[in-house]
Every structure is written in structure tokens, then in C-alpha cells.
Amino acid sequence: MESQNYSNFEEIKRNFDKAFSYVVIEDRGRTVVEDPFSKVERALTDLNKQVLNRQMYRDQDTGRRMLIVKMEHQDTEEIMLEFLKTSLKKDFNCYVY
């Protein structure tokens, strides 16, 4: 998955549609791995019917990457449980909006 550059996460959040939920997974670790979200991607594949859209972003200034997953409101809890099963490293933060 190709990442888009961004300079301000607040700007991205302003574009969130209130009719949907969003899970944001942030890679704080500045890893050199091309896709730090591969385990999350595998979990999303299993839940593909609930996921409406996903996009990876890269902070232009810090190099941090985040994966933003758009879904129906009722699916948020199930998807967060699946993410917890992936044993994400301590270098990741998860947020729900």
C-alpha cells in the first residue's frame, strides 16, 4: 500500500465523515520496514466486509506512518479486538474516532 504525505494530522481528522468510525494506527517507531502494518493488514483482510476504506499516511516532518481505517460505526469494537490479537509492537498507538 502506498502512503500519502501529510503535514498535520488535525487536517486529516477534519475530513473524517461523522457518519463513520475510524481506527488510526500510528507507527511511532520510525522503522525502516516498508510496510510496518503488515500484521494489521492481515487482520483487516479477515474483516474485509466491515472495512470501507484504508489509507496509509507518512508525516513529512517526522517520518512517522499511520494507517487510517474507515468503517461502519457498529464494527469498531470487533475490529479493535482483531487488532489486539495481532500482537502489535509497543511502537504502535491505536486510536478510535
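Below, each value reflects all heavy atoms present in this structure, side chains not excepted, and no hydrogens, waters or symmetry copies.
Screening residues 8-17 for salt bridge (charged side-chain N to carboxylate O under 4.0 Å, His left out) gives Glu10-Lys13 as the qualifying pairs, with residues at least two apart or on separate chains.
For the atom pair OH of Tyr22 and CD1 of Ile12, the computed distance is 11.5 Å after rounding to the nearest 0.5 Å. Taken to the nearest 0.5 Å, the CD atom of Gln55 stands 4.0 Å off from the CD atom of Gln4. How far CD1 of Ile68 is from CZ of Arg54: 13.5 Å, rounded to the nearest 0.5 Å.
Side-chain contact between Met66 and Phe9: present, with at least one pair of heavy atoms (C-beta onward) separated by less than 4.5 Å. Annotation: side chain of Val24 is in contact with side chain of Phe16 (closest heavy-atom distance under 4.5 Å). Between Phe20 and Asn53 there is no side-chain heavy-atom pair separated by less than 4.5 Å.
The ring-ring contact (aromatic ring centres under 6.0 Å, His included) test applied to Tyr95 returns no partner, not counting sequence neighbours.
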